[in-house]
Amino acid sequence: MPPQDLTPSQHAAVEFFEGPLLVLAGPGSGKTRVITRRIARLVDRGVSPREILAITFTNKAAREMAERVQRLLPGTRVWVSTFHRLCARLLREYGAEVGLQSNFSIFDTSDQHQLIKQTLHDLDIDAAHFPPAKIGHQISQAKNELISAADYARGFEERVGHHLQAVVARVYPQYQKRLLAANAVDFDDLLLHVANLLAENEELRSHLDQRFRFILVDEYQDTNRAQYQIVASLSRIEKNLCATGDPDQSIYGWRGARIENILRFERDFANVEVIRLEDNFRSTPEILATADRLIAHNRHRKPKVLRTPNASGEPVELRLYDDGRAEADAIAQEIRSLVQSGQRRWSDFAIFYRVNALSRVVETALARQRIPTQMAGGVAFYERAEVKDLIAYLRLIENPRDRIAFLRVVNTPARGIGKTTVNRLARWADLQDLPLLDAARNPRECPGLSKRAVLALQRFGELMHELVDRSSGPVAELLRQVLTRTGYTTAWQDSPSEDDTQRLANVDELVSAARQYDEQPDVEHSLSGFLETASLAQDVDQLADDRGTVTLMTLHSAKGLEFPVVYLLAVEQNLLPHERSLRENDARQVEEERRLLFVGITRAEEKLVLTHTVRRELHGRSLSTIPSDFLPELDVVSRDCTGGQFESFEDRLAAPRSPFPKASSPIERLTQSLQKAGGRPLLTTGAALAGEADAETEVNLPLGFATGMRVRHPRYGIGIVVETGGYSRHRTVTVEFVDDQRRESFILSKCPLQPVG
DNA sequence: GGCCAGTGTCTTTTT
DNA sequence: GACACTGGCC
C-alpha cells in the first residue's frame, strides 16, 4: 500500500532498490520529493549514507535536498552536489595524477579568455582575427565531448577543417599547457580531468565505483558527454544508477548537453526499470494544456501525457504592449495592485525573459513602483571588477602559480608596475619557467627593469609573502588584511560618486560572504573551499523563497523552480526563438528554444501571462518586432494593451492591425507560401536563399529578393528593398530601413536579411 | 613609463 | 549599451 502522500508511480520509484532506474518526470510531478524520499528509503534499508551520491543541477537544489534528507532522517548526511563541485572535490584529492596540486585555481570564462589571449600571443597569432571567446567556445565544446588537445590536433589533420579550427588545433595544446603551469583548470576541465582519471586509473575507478554504490542524477536530460562518462564509469560494478529528468526540458544543448543521454538510457544500461511520473501537481489545467500544445510541435521527442488533478483556474493570457517600457510598467502596476489588495504577496511573482538585456527595463519599472525584487544573475556578483580583484588576491595567496590572478592584481590598485614592466617580467619568467610571483620576488635578476620597477615589484612580492603567512585563519579575516595592506578601497572611501559607494558595498558584501562561509557549520573550512564556492557559484544560488520579493531571471535560470504567478516577457521572433537559433536553419536549435518556453510556462502554478510588444528596445536601438512563431502553437487568445502610441508592425506594412491575426500575419503568410513552395523552413536568411537558389538553377535566381520586398535585418530592423544588383553569389540588395531611413547595401549570400512579407 | 580618455566592436543562454 | 583597446598626454 503506497503511503497517502505518494502516487503509485512515485511510490514505485521510491521503493525500487537495486539496478538502473530511469524516472521520466514531467514538470511539477514531485520529482525532488521522490529523490529525497528514495534516498531516505535507501538509508532505511541499511545503505550507508556514505555510499550515496546525489547530483543536482544547481547548488541551491543540492543544499535543499541535503536539508530535506536531514529532516526525514535526522543526523543523516548524504553527499549532494553539482557535477562541477563533485569533480572539484575529487580533483583536490586525486588530481596529482593529471598534474594538479590540490590548491589548484578554477578559471572562469573571462580568466579563460585572458589565458587564450596570452596563448595566441605565444603562438604569434593575431587575436583581432581570432577572437579568444570564439576559440574558448571551440575548446569548451571539444572538452565537453572529451576530445583532448592531442585528439583535436590529430582529428584536425585528418579532416579538412575550417580555418578557425586550424587555429584552435594549435591553441588548444598550448592553452592546456599554460593552464597546467598555472596549476589551474577551467570549468570544463573539472569534468574532463575526472573523466580521464576514471578512464585511465582502473584502481581508482573501481574504488569510487564501490564507494558510491548508489548514484542519483537529477536533470539527466542536460548531462553532457563528459558527465555521462563519469556517471557510467562509477556504475559498472555497482549498477545502482538512478537518473531522473524530462527530455522536454533539455535546454543546455548549446553547452554540450546531450538530450540523447536520457533518450538512450535504456540502451546504455542493461535491465533498466523505467518509471513515468505524469501527474502534475503544480499547475492549473489551463497552464498545462498550453504547455502541452506547444511542446507537441517538437518532432524530436517522445510524446507524453501531462495531466493534473488541480482545479481549473484562470485562462492563460497573451498581451501586446507598445514597447518594453509599457510592458514593464503594466506588470509592475499589476503586481503592486494585486499585493495591495491583499490577493498576493511579492514572493508569489516571477518574471522571466530570454536574455539578460531585458531585465533592466523591468528592474527600473519595479523600482519605480517600490517593489522589492531579487534578480538571478544579470551582472553576477562574482563577476564585478572589485569582487574579481579581491578574489584574485585570495587566489594568488592560495595558488602562487595562478598567472591570471597575478596579472590582475599586480598593479591593482596602481602601484607603479605598468604594462612594460609586467611584459618584461613575464617574458623573463617564462624563459626561466618560473611562476610570475616567484619572478617578482627577485626582480633584480630580470633584465631591463628600471630601479623604480624593481623596487615596486619587490614591495609587491613582500606584500604577497606576508599575506600568505596569514592565510590559514578565517577567510573574512584574511580578506580584511588584503584590504588594509593593499589600500584597495582607499580611493573610494570618501568619494561622493554613486559608483564608488556601490563598489564599497560590493566589497562589504564579499567580506560578509566570507564570514558566512567561515561560520558555516559541519564543513571543513579552508581558503580553497571558499574559492571553490565563489568560482562555482550560480546565479540562482542566492535566491530565497521567503525574502518577500518579486523574482527576476532568465528562462534558463528558471529551470526547477515554481511560482504562483509567472510573467513571461518578449515572446517575439528573434528573441524567443532567439535569432541565433534561426540562423543556421537547424530545426534542433529551434526545438530547444521551444523547450525553453515550455520550461518557462510550466513554472507557473496558478497564473501565466505571456507578453510581447510592437517595438522592442535592444542593444540601444528600438526596432519593430515580429510575433514569435511559437504564439500560434500556444493557441492563447491575445489581448491588445497598446495605447496606439506607435504604429504597429502590421500597420506599417498596410496589413490588418490585430497583433496576432490567426492566419493573416505577414509571417504566417510567408510561412504558408514557403511551405507551398516545397517545405522551406519557416524563416530563412538572405544567405540561405541565395545558397538554395544557386543549388536549384543558375538562371532562376530571383527566388531571393526583389525590389519592393519587405525585409528585416537583425540590427537595422524592417526595411524595403530599393535596389538589386549583381548575379549569383555576388548579388547585392540595397535596403532602405523604415526606422531611420538609412540605406544599406548587402551582399545577398553573406547577409542576415530575412523576408517578412 | 604610467594613466586616462576617446574610439571601435560586439551583443544568448551558464558551469 | 557595455567593454576592450588604442592613442595621446603627463
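Values below: every heavy atom of this structure, side chains too, minus hydrogens, waters and symmetry copies. Below, chain A is the first sequence line, B the second, and so on; all start at residue 1. Keep in mind the model is a prediction, meaning the values are calculated, not measured.
- Aromatic stacking of A/H84 on B/dT15: not satisfied for centres closer than 5.5 Å together with planes under 30 degrees.
- Note on A/K559: nothing from the nucleic acid sits closer than 4.0 angstrom, heavy atoms only.
- Between the side chains of A/N183 and A/N103, at least one donor N or O lies within less than 3.5 Å of an accepting N or O.
- Rounded to whole Å, atom C1' of B/dT12 lies 8 Å from atom NE2 of A/H556.
- Among residues at least two apart or in separate chains, salt bridge (charged side-chain N to carboxylate O under 4.0 Å, His left out) pairs with a member in residues 184-198 of chain A are A/K143-A/D186, A/K143-A/D189.
- When distances are taken from the side chain of A/K419 to each of B/dT15, B/dC3, C/dT6, the shortest belongs to C/dT6.
- Residue-level contact check: A/D186 touches neither bases nor backbone, having no heavy atom under 4.0 Å from any strand.
- Following rounding to the nearest Å, A/R583 (CZ) and B/dT11 (P) show an atom-to-atom distance of 8 Å.
- As judged by a 4.0 angstrom heavy-atom cut-off over every strand, A/R360 is placed among residues touching the sugar-phosphate backbone only.
- Inspection of the A/D629 and A/Q573 side chains reveals an N or O donor paired with an N or O acceptor under 3.5 Å.
- Out of C/dC5, B/dT13, B/dT15, the shortest distance to the side chain of A/N356 is found at B/dT13.
- Residue contacts shown for A/L190 are absent, as no nucleic acid heavy atom lies under 4.0 Å away.
- A donor-acceptor pair shorter than 3.5 Å can be found between the side chains of A/N59 and A/R85.
- Between A/L552 and A/S359, the shortest heavy-atom contact is CD2-O, 4.2 Å.
- What separates CG of A/L455 from P of B/dG2 is a distance of 13 Å, to the nearest Å.
- OP1 or OP2 of B/dT15 has not a single side-chain nitrogen or oxygen of A/T82 nearer than 4.0 Å.
- Going from atom CD of A/E383 over to atom P of B/dT13 covers 11 Å, rounded to whole Å.
- Each salt bridge (charged side-chain N to carboxylate O under 4.0 Å, His left out) pair with one or both residues in residues 403-426 of chain A, not counting sequence neighbours, appears once here: A/D389-A/R408, A/R403-A/D430.
- The distance from atom CG of A/L561 to atom P of B/dT14 is 13 Å, rounded to the nearest whole Å.
- Taking a 4.0 Å limit (strictly below) on heavy-atom distances, residues 421-429 of chain A reaches DNA chain B at A/T421, A/R424.
- We find that CE of A/M375 is positioned 15 Å from C1' of B/dT13, with the value rounded to whole Å.
- Look at NZ on A/K134: it is 7 Å from P on B/dT11, rounded to the nearest Å.
- Rounded to whole Å, the P atom of C/dC3 lies 16 Å from the corresponding atom of B/dT14.
- More than 12 heavy atoms of other residues, nucleotides or ligands sit less than 6.0 Å from atom CZ of A/R368.
- Side-chain nitrogen and oxygen atoms of A/S557 include none within less than 4.0 Å of the OP1 or OP2 phosphate oxygen of B/dT13.
- A/A453 comes within contact range of no nucleotide atom at all, as no heavy-atom separation falls under 4.0 Å.
- The 5' end of DNA chain C is approached more closely, in terms of each residue's nearest nucleotide, by A/E617 than by the other of A/K117 and A/E617.
- For B/dT12, its base sits under 3.5 Å from the side chain of A/R354 at one donor and acceptor pair at least.
- With respect to A/E593 and A/R354, a salt bridge is recorded, a charged nitrogen being found less than 4.0 Å from a carboxylate O.
- The side chain of A/N411 places an N or O atom within less than 4.0 Å of a non-bridging phosphate oxygen (OP1 or OP2) of B/dC3.
- Contact annotation: side chain of A/T109 to base of B/dT15, donor-acceptor pair present below 3.5 Å.
- Between A/A414 and A/Q538, it is A/A414 whose nearest contact on DNA chain B lies nearer the 5' terminus.
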